[in-house]
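Structure first, then comments.
By convention in this document, chain letters (A, B, ...) are assigned in the order of the sequence lines, proteins followed by strands, and residues within each chain are numbered from 1.
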Protein chains: 2
Amino acid sequence: MSADPALRREIPDATVARLPEYLRTLSRLAEDGVPSVSSEELAAAVGVRSAQLRKDLSHLGSYGVRGVGYDVETLALEISRALGLTEDWPVAIVGMGNLGHALASYSGFVTKGFRIVALFDDDPALVGERVVDIAIRPLSELDDKHAVDPISIGVIATPAPAAQAVCDRLVGAGISSILNFAPAVLAVPEGVDVRRVDLSTELQILAFHAQRKALAAGHLGAAVLS
Amino acid sequence: MSADPALRREIPDATVARLPEYLRTLSRLAEDGVPSVSSEELAAAVGVRSAQLRKDLSHLGSYGVRGVGYDVETLALEISRALGLTEDWPVAIVGMGNLGHALASYSGFVTKGFRIVALFDDDPALVGERVVDIAIRPLSELDDKHAVDPISIGVIATPAPAAQAVCDRLVGAGISSILNFAPAVLAVPEGVDVRRVDLSTELQILAFHAQRKALAAGHLGAAVLS
DNA sequence: AGACGTTTGTGAAGCCATGCACAAAGTTGA
DNA sequence: TCAACTTTGTGCATGGCTTCACAAACGTCT
């Protein structure tokens, strides 16, 4: 009757954001031959409260055994299913500068569930070069349906000024999941998901806390400014 | 009397996370010669609600003019001050593989407030190489106080297995702000800030939503599983 | 079989963040 | 000078996430 809670219920965004972390830790445990974990142990390894872990997992279904814990293999599989990693997602990277190269050869990319199927860059000096056994092509070929396999996820690794135009092309090609490394806010139609990863934003957040600590610790006056 | 609200009041983390975005947009407006913006305009450019923008800015102080809006230059300066970007933060990158190279030459790094002062890698094939005019050195020199300028922020761009050991070294050298690109949870003492940027986590979150969309759109049954 | 110890799954409470709606404050024009 | 208009700053309500605390469920040992 009731099939898969993961596909029926609503899973909170905050929970979804933590699932990859749980999965990574579970995979490591599985490699080490650990058969099962308690919520307390797993939570400690990931760095969250055990109650939070249990509540997160409860959104996927009831895969634990009371008095025992969770079977590592089973739980890893269920999280994979919830995240949609049981099927392969074809990924394309646009912008093959330093960052694009790093992303393409990043091992974590290939792990599970994702497969790079296309690399794009309009720089003639880069077109034709092969990275991880895939030739870099000009972005114009993205529109050509016959030249490109289906793509589920587009990664933008271009400079900021080019990001919006690239994004429009990706959306035009039917891609509705985009990972944006360019420091730019992208305008997209309804139904398209954009996640942004920004190095300088992260640095600035660190700087804020660093400043806070510096002020709290040493010279907590520093009022002699204006 | 009351000096700087940014240094006195508590600024919510959620607000701090948005300030860099506001700052980036304001900088672009300043370059374009725009003298002032309303909360409505700025919010639209960043992609948030105007009420949220106003509430965020209210935590820094009262820098707007009713009936007019915010002076672009002034607001940019105040956000910079709140984030601690009026002084330079020396940054070190550990792990000069593909990602480390990309980070070192990433333009956004140099923009404002941050300055790369050291590059480390223990691979003999990399030691000595110069990137952005800085020579790569072995990590052992980090401990040598005389060989390294003060460092405020450490960036970990190593493979996951090495991350914890590198982190321990950074902390041992007195660094209390760490940006971690390795897919690993780092254990650090109280008072040390770690922010993690993980590509595969972001991809997995995208995959979750993509799966959700696929199920909702097409075959919303798919119950023929178990 | 039954009692005991352990761990899950979850109601309930508290907390933080978001969004609304409006008074206060400022500008512009007559 | 005064009225009309614009936009900020904020009290309040709403919603979501986190944490607590405990009953229900399971295995184990006698």
Spacing between E78(B) atom CD and dT8(D) atom C1', to the nearest angstrom:
16 Å
Determine: side-chain N/O of R54(A) to OP1/OP2 of dA21(D), distance under 4.0 Å, yes or no.
no
Residue whose nearest DNA chain C nucleotide is more 5′ - V68(B) or T15(B):
T15(B)
Assess whether one donor atom and one acceptor atom, taken from the side chain of K55(A) and the base of dT19(D), lie less than 3.5 Å apart.
yes
R18(A) vs S38(B), nearer the 5' end of DNA chain D by closest nucleotide:
S38(B)
Within the structure provided, determine whether I178(B) and C167(B) are in side-chain contact (heavy-atom separation under 4.5 Å).
yes
Going through the distances and angles, do F181(A) and L103(A) end up as a side-chain contact (heavy atoms from CB on, under 4.5 Å)?
CA-CA 10 Å; F181(A) 284 87; L103(A) 293 176; 3.7 Å; yes
Between G67(A) and G64(B), which has a closest nucleotide on DNA chain D that is more 5'?
G64(B)
I would like to know whether V46(B) and Y22(B) meet side-chain contact (heavy atoms from CB on, under 4.5 Å); could you show each step before the answer?
CA-CA 7 Å; V46(B) 172; Y22(B) 301 157; 3.9 Å; yes
How close or far is atom P of dC20(C) from atom CD of Q52(B), stated in whole angstroms?
11 Å
If you go through the side-chain atoms of R66(B), does one of them form a donor-acceptor pair with the base of dT7(D) closer than 3.5 Å?
no
Contact between D193(A) and I205(B) at the side-chain level, heavy atoms closer than 4.5 Å - yes or no?
no
Would you say a side-chain N or O of Y70(A) is under 4.0 Å from OP1 or OP2 of dC26(D)?
no
If only side-chain N and O atoms of S39(B) are considered, is one of them under 4.0 Å from the OP1 or OP2 phosphate oxygen of dT8(D)?
yes
With a 3.5 Å cut-off and just heavy-atom distances, do the side chain of R49(B) and the base of dG19(C) make a donor-acceptor pair?
no
